[in-house]
Amino acid sequence: METHSSGKTSTPRIVILTGAGISAESGIPTFRASDGLWEQHRIEDVATPEAFSRRPQLVQTFYNERRRKLLSVDIKPNPAHIALGALQRRFPETVTIVTQNIDNLHERGGAFNVLHMHGELLKVRCVRCATVIEWARDVEMGDHCAVCGAGLRPHIVWFGEMPFYMDIITDALRQADLFVSIGTSGNIYPAAGFVAEAKTYGAATLEINLEPSGNRAFFDEGLYGRASEKVPEWVNGFLQN
């Protein structure tokens, strides 16, 4: 790959942020409905460390149900996931995919090394030694960490906890030539602040969404419509150019 005198590669460095909107078309419900509930549960009851301390069985059951749903035959990557996977495989050194989603649809669509900043549904973590374990079945109350014997929790970033990979994401935003946000509301931080950060460092910015997001003013361009249509359209245009 050629390098210009400025030090930047001839292929632009792209950071892609995805949110619930890209997986909604695959049958994964968006994180929070208009009534403030997540799958008929209050966020405070299933997505905080305090909720897990108070009612661990309820929290485990909630994520067990989400995990079963993800593993059902009905849930498949859609053309948006597949297009991003193809783009990253074409430019593996310059395309970084960051997702707020806890599903594995990016990977099933062909992407790799996806930065799941809010964790992954198909992993659990030891509550004591923080060992992360691949997990594709229900978590039972009798399940324990094989390393230290402590209990297990969903490998999910709950409210009040620090998202994963922030140092890596910040470094990628600083180097980005293009920042693309797909299927996000623009209201959940710190992800909602990524566009402003990338723009500060000189990146061009694009959002692909059903409708303009809460931080639309920070984007240079917008493509509006279904992710399964607009993302392949954008990727095909990028590859042709």
Side-chain angles (χ1 to χ4, degrees), residues 17-24 26-72 75 97-108 113-170 183-194 197 214:
L17 171 69
T18 67
I22 195 170
S23 292
S26 291
I28 303 290
T30 53
F31 174 70
R32 193 186 304 196
S34 58
D35 57 8
L37 299 179
W38 185 14
E39 294 284 286
Q40 307 307 309
H41 288 270
R42 294 191 318 148
I43 299 300
E44 296 83 359
D45 293 335
V46 294
T48 66
E50 295 77 17
F52 188 64
S53 295
R54 285 194 310 266
R55 302 181 67 185
Q57 182 65 67
L58 171 66
V59 174
Q60 295 286 23
T61 297
F62 177 82
Y63 289 98
N64 284 344
E65 291 171 353
R66 309 282 79 71
R67 193 177 298 109
R68 276 185 241 125
K69 171 77 170 176
L70 177 58
L71 293 171
S72 70
I75 303 299
I97 297 176
V98 181
T99 187
Q100 299 173 84
N101 300 333
I102 60 175
D103 60 63
N104 66 342
L105 294 178
H106 278 303
E107 288 84 353
R108 289 166 61 186
N113 293 335
V114 178
L115 301 177
H116 286 266
M117 62 181 295
H118 291 165
E120 298 179 65
L121 193 53
L122 296 183
K123 293 180 180 178
V124 295
R125 185 166 79 248
C126 176
V127 298
R128 181 187 297 156
C129 70
T131 296
V132 177
I133 309 162
E134 302 279 345
W135 202 272
R137 59 181 176 85
D138 285 2
V139 179
E140 307 291 348
M141 295 308 292
D143 289 323
H144 294 90
C145 173
V147 176
C148 73
L152 302 173
R153 57 159 282 179
H155 187 53
I156 304 296
V157 175
W158 289 324
F159 283 90
E161 296 181 324
M162 178 65 69
F164 299 135
Y165 309 113
M166 289 304 297
D167 289 346
I168 299 173
I169 293 169
T170 297
T184 68
S185 66
N187 295 320
I188 305 297
Y189 285 84
F194 290 172
E197 188 170 356

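When a residue number appears, it is its place in the shown sequence, counting from 1.
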Review item, side-chain donor-acceptor pairs of residues 153-164, under 3.5 Å, at least two apart:
| unit_1 | atom_1 | unit_2 | atom_2 | d |
| --- | --- | --- | --- | --- |
| R153 | NH1 | E161 | OE2 | 2.8 |
| R153 | NH2 | I156 | O | 2.5 |
| R153 | NH2 | E161 | OE1 | 3.2 |
| H155 | ND1 | R125 | NH1 | 2.8 |
| W158 | NE1 | Y63 | OH | 2.9 |
| E161 | OE1 | W158 | N | 2.8 |

(message) Could you tell me if R55 sits above the aromatic ring of F52, with its cationic atom closer than 6.0 Å to the ring centre and no more than 45 degrees from the axis?
(response)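 No, cation not above the ring by the 6.0 Å, 45° rule.
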
Counting distance only, does the side-chain N/O of [X] pair as donor-acceptor with the main-chain N or O of [Y] below 3.5 Å?
| X | Y | result |
| --- | --- | --- |
| S23 | S26 | no |
| N101 | D103 | no |
| T170 | D167 | no |
| H144 | A150 | no |

(request) Write down the atom of K69, the atom of I75, and the distance for their closest heavy-atom approach. (result) O-CG1, 3.1 Å

(request) State, to 0.1 Å, how close V124 and L152 come at their nearest heavy-atom pair, and which atoms those are. (result) CG2-CD1, 4.1 Å

(request) Assess whether side-chain contact (heavy atoms from CB on, under 4.5 Å) is satisfied between I169 and F194, documenting all intermediate values. (result) CA-CA 9 Å; I169 293 169; F194 290 172; 3.7 Å; yes

Taking side chain as C-beta onward, heavy atoms only, is [X] less than 4.5 Å from [Y]?
| X | Y | value |
| --- | --- | --- |
| I168 | V98 | no |
| L17 | T99 | no |
| Q100 | T184 | yes |
| T48 | E50 | yes |
| E120 | I102 | no |
| V147 | C126 | no |
| F62 | D45 | no |

(request) Verify the neighbour count for atom CG of D138: are there more than 12 heavy atoms of other residues, nucleotides or ligands below 6.0 Å? (result) yes

(message) Using side-chain contact (heavy atoms from CB on, under 4.5 Å), reason through K123 and I133 one step at a time and then give a plain yes or no.
(response) CA-CA 5 Å; K123 293 180 180 178; I133 309 162; over 6 Å; no

(message) Does this structure show an ion pair linking D143 with R137, if we count only N-O contacts that are shorter than 4.0 Å?
(response)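 A salt bridge links D143 with R137.
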
(request) State whether a side-chain donor-acceptor pair under 3.5 Å links T61 with E65. (result) no

(request) Calculate, to the nearest 0.5 Å, the distance between atoms CG and CZ belonging to L121 and R66 respectively. (result) 8.5 Å

